[in-house]
Amino acid sequence: MFMQPWIETLRDELVGDLYRFSPELAACTGIIVLLLLRLFSALNRFHLGAVALLFCTLSLILSVGQWQTEVNAAAHVSRTEIFFTGLLAYDKLAIFLRIFLYGSTALVIWLSMLTGIPDREDSADFYSLLLGATVGMSIMASANHLLMVFIGVEMASLPSYALAGFLKGRRQSSEAALKYVVYGGGASGIMLYGISLLAGKFGTAYLPDVALGYAAVLKADPSAAGWVLSFDPILLLGTLFVLVGIGFKLAAVPFHFWCPDVFEGASAEVAGFLSVASKGAALALLARFLLVLAGLAGAMPDREAWLKMAHYLVPALAIFAAITATFGNLAAYYQTNLKRLLAYSTIAHAGYMMMGLATLTPEGAGAVLFYLIAYLLMNLGAFAVVAFLRNLTGSEELDSYRGLIQRSPIMVLTLGCFLFSLVGIPPLVGFAAKFQIFRVIFDAAKIYSGNAPGLSSMMYGLLLIGGLNTVISLVYYVRVIKVMALDRLLENVEDREPVPLPTPAGSAIYASLLALAVFVLGILWDPLARASDRGVDRFHPVSVGPSALSSSSQSHPPRQDELGGQVPPVRPRTVPRGQGK
Amino acid sequence: MDVNSEWDLVLMSLVIFVPSIAALVLLFIPKGKEEWMRWVSLFGTAITLMLSLWMFIDYRSDVSEANRAIPTNGTLSVRALGADEKQHNVQASGLSGSDWVARRTWIERFNIDYYVGVDGISMPLILLTTAITFLAMIASWNIQRFVRGYCMLFLVLETGMLGTFIALDFFLFYIFWEVMLLPMYFLIGVWGGPRREYAAIKFFLYTLLGSVFILIALLGFYFTDVRDFDPRAKPDEPRNTFDLVVLQRVGSAAAEFLNGKPPEKVIQEYGTEEVINNPERLKQAVDRLVHAGPFSFFTQSFQYTMFLLLFIGFAIKVPVFPFHTWLPDAHVEAPTPISMILAGVLLKMGGYGILRIAYPICPLAAEGLAWYLALFGVINIVYGAFAAMAQTDFKKLVAYSSISHMGYVILGIAVWKAGGLSQYWSWGMNGAMFQMIAHGITSAGMFFLVGVIYDRAHHRNLDNFRGLYEPMPLYGGISAIIFFGAMGLPGLCGFVGEFMVVLATWYYSPVFAILAALTVVLTAAYILWTLQRVYLGQNPAYKDYPDIDLRELTCAVPLVVLAVFLGVFPNALLAWMEPDVTGLVNSLSRLFTALR
């Protein structure tokens, strides 16, 4: 009976909700079509990558369309920001992430068509898994309800396990899949436990309501600085456990152990997909979780709750981020397998992005969105070149890259471009991304300096650690470059002509296009920076004090609720929540 | 865009990017045509040299002549302000193409502009860069491996160097600064000597560390709200900027404010016209200045921290004593032309950065730490000279002599004298600038000359040479002039800068001056000893060495001519460099005059 209003809203809004869900629906259609095609043995002779690419591109186009609609929507029209009765969020953050996810999946499909993993027979399975994982990640990115968080994580994880073990014949691959499953299962269990604790505490798992509950608890907390553990242990554990689940998907230290093994065991294509898409979805989920909890998503920003929350979350996140980045960079130093090296590099980059989120400001999340796009291009590019070279030389060990520049200059040039972008050397996009992360950290240091000097100095510390990490990371990236470009081939030592590698044109074009994007976006990053700002503009920019406005708010488009009273503020639909239990 | 009205923008951009365009052209030359690639690169550098000379001539007629009429009007900031005003007001009637400051929006989201300009401080260094690069390209003719890659990296490096000198936006400056890094790494790492990889990565790591320091300072400046000082700001919004000219103005304001000048007066002096003329906004601006917060631009701790970050960042490039260890390695392993560029141009980036960025933006800290800077300068001079004397590797000797000579630059910049004595400091600054140019010429020459004998003898061990003068008299003569120039013999270019610096130092601290002057003896000792070991005497092993050939002569003779010309007629450079340098000195020393 009390379900009635819910069901009514669901019915009324179904068409609109289905439109909002259309990219996922397109991808699901793709999965079904692929599985149906699998039934016809005659079709086994065809590679089904094109079909998957078609549906993925369709999802991408639909997402871009949604983005355009949202961006062009007049400021005074109140937008619906949730759908399916609030289980999923429909805001620019979610749409941005969809574009990112379907874009990266499309790139991975294209890559896999070029490299021939999977073969024709398995292609239907492979691509349905890939699309399934993408749909799960998209749900992760838009989850607005703790249950959906869990479902999204599981939907993304299960196909990923299978993908990691897709090279059935290889022992390493099966080992990787098993490791992934065991770790993933453990992490999911912990996360589910955390969710149950939170839901039990607040009587709801609807994220905005959970946030209100947090705010109430925090405000009741007498210690102004929040450092004293008068905070509810159930709440603390619940939050921590949810963060553990997300941290596992992010491969944040100390939940990173699966990452290098899985990446080494899985094919480079899958590793590229997992490192980019999976991480992107987890970061978006973390960003949404944090910003909503900090009270920045409601109709009115709750500064007090935000500041109190910051006292708990910022130190924890900052320390995790700093350790993750530092550990990733230091551990990468000793790797001789390129996929393992890149695995540790992805851990380090997750650390940089967590630094952006550790500011607990929407600007930080915006910088992370920019970083994600940059990371997609440079990291997927790096994995792609590794996959191409595996096809050419049959090896992924660093030793096999020796003197490669004489054998396949185009691969070396593009890989060099990706690696230097990962270091963050201008004028490549990695620098623009890292610059923005550092910028928001600095900004946050300023914001916190008024109310929380401790957090402010923590931010300065984070800035320093980020800078030093950049220098450390240089060593191992450049080592790869050095082996490829500077070390001499055996043939040179023996005074023979080096054997050129017959690089296929498709691979060369793929790598060059990504490298070109890395370069062009490194120079003209204004549009992307604006888009990533828009991606988080539903969250309230943080500013403290009367005059010290947060400095980046200046170029924000005027928010609808700042235009004066004539605009009705965005509110969740008036549906009773928390009664479903 | 109307080319005539924006002639300065066009020309400056061409100077920066013509080398890169030439690098792109190289991509399309078929494999196996190495000779073509060399010629295209040479033409690329030659065209850049021509364009920079053209720019110089235009600049002189447009700006320097005006400077002479009104001596204090020469500083860059005045022109920059004028340019902004023109862009603001005279949008319809077109912009002036003759103020040599130009701006285009680049990344609007962060107020980053493609903002370029030249003045008497950057112009000589631009000319030095284009000239040395051109000569180094001639010296690159005997590079045999991977010619296309070499030439492309070489040309990209030139773009980076020129961009660094021309940029007036700190972000743009930083981009170009970093653009130099990669080509240099590969040029040392691929085409260098036996320990090239070690040297290349050491160079890379040191420089990147310095860059990170600069990056942090850059962010620190960016987060200053400059709305009361930036004429382009909107009154009711905070404004962040990378505009070096604006940041310099804010830096001056901060110094005056922290020196105890009443905040109203500070705003009245440095604020925008809007702020000054509007009492209410003036009040707000004063309020913002006074309540700027704990770690804001207008605090002593901020000024000192940022200055130290910048100074370390630039000092690594100079290199200043404890950060110098990458230099000898890099020089020894780098191929000859790259050594020429490294010593001739890259080291000057550090000095230029200190002059252009660290000093004007953080004058308070610069003044407060002047003594320590001077001390570092003296340590550099003395340490470099002693270390040079102990070397047996010819290239290493030249590398350490570079460290010693760059010490004069630091010393000349550091001898801060305010008030009536500021003219002595301005000698020091002018001396430092002159020394940078002179050292660019002589050190590039020395490295080239070392390269010439290395090509013949295939070793650089000073103790194994002897009697080179006999088979190679012309080469010996050229070497003598260049080496004496480096030594600081009167009549050659090295003398002028060192003399001015030592003179200025005397008024700052006689002890430093005596130490710096005494080092001239050490310099003379190691240079004469080197000449003696390498050229004098007889050595049958080298009897049939061919003398310096035509290509090598084309490279060496211009350097000799420049060394002599600047030594005999220093005013050819000082005349148009001095107003800007002195303007900088005056604008800085003025900040501290009222109080002392």
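- A:F442 places none of its side-chain heavy atoms less than 4.5 Å from the side chain of B:Y222.
- Proximity to chain A (any heavy atom under 4.5 Å) is restricted, for B:I201, to the side chain, taken from C-beta onward.
- Ranked by heavy-atom pairs shorter than 4.5 Å toward chain A, the options B:L219, B:D287, B:L205, B:L181 are led by B:L219.
- B:S211 does not touch chain A: none of its heavy atoms, backbone or side chain, sits under 4.5 Å away.
- Contact check for B:I112 versus A:W525: side-chain heavy atoms found under the 4.5 Å cut-off.
- Note: A:R439 CZ to B:L218 CG = 12.0 Å, rounded to the nearest 0.5 Å.
- Heavy-atom minimum distance, A:P426 versus B:E178: CG-CB, 3.1 Å.
- Contact record, B:R109 with A:A529: CG-CB, 4.0 Å, taken as the closest heavy-atom pair.
- Heavy-atom distances place both the backbone and the side chain of A:K482 under 4.5 Å from chain B.
- Within a 6.0 Å radius of CZ in A:F519, other residues, nucleotides and ligands contribute 12 heavy atoms or fewer.
- Inter-residue side-chain proximity for B:F204 and A:V423 is flagged as unmet; no heavy-atom pair is nearer than 4.5 Å.
- The shortest side-chain heavy-atom distance between A:F435 and B:Y174 does not fall under the 4.5 Å cut-off.
- In this structure, chain A has a heavy atom under 4.5 Å from the side chain of B:F146, while its backbone stays farther away.
- Side-chain contact check for A:Q436 versus B:F110: some heavy-atom pair is nearer than 4.5 Å.
- Per-residue heavy-atom pair counts under 4.5 Å with chain B were compared for A:I481, A:V475, A:L474, and the maximum is reached by A:L474.
- The contact between A:L486 and chain B is made by backbone and side chain atoms together, counting heavy-atom distances below 4.5 Å.
- Closest of all the heavy-atom pairs between B:V179 and A:P427 is CG2-CD, 3.8 Å.
- One N or O on the side chain of B:W106 and one on the backbone of A:I523 form a donor-acceptor pair closer than 3.5 Å.
- Per-residue heavy-atom pair counts under 4.5 Å with chain A were compared for B:V190, B:L209, B:I216, B:L182, and the maximum is reached by B:L182.
- Residues A:F431 and B:L215 form a side-chain contact, since some pair of their non-hydrogen atoms from C-beta on lies under 4.5 Å apart.
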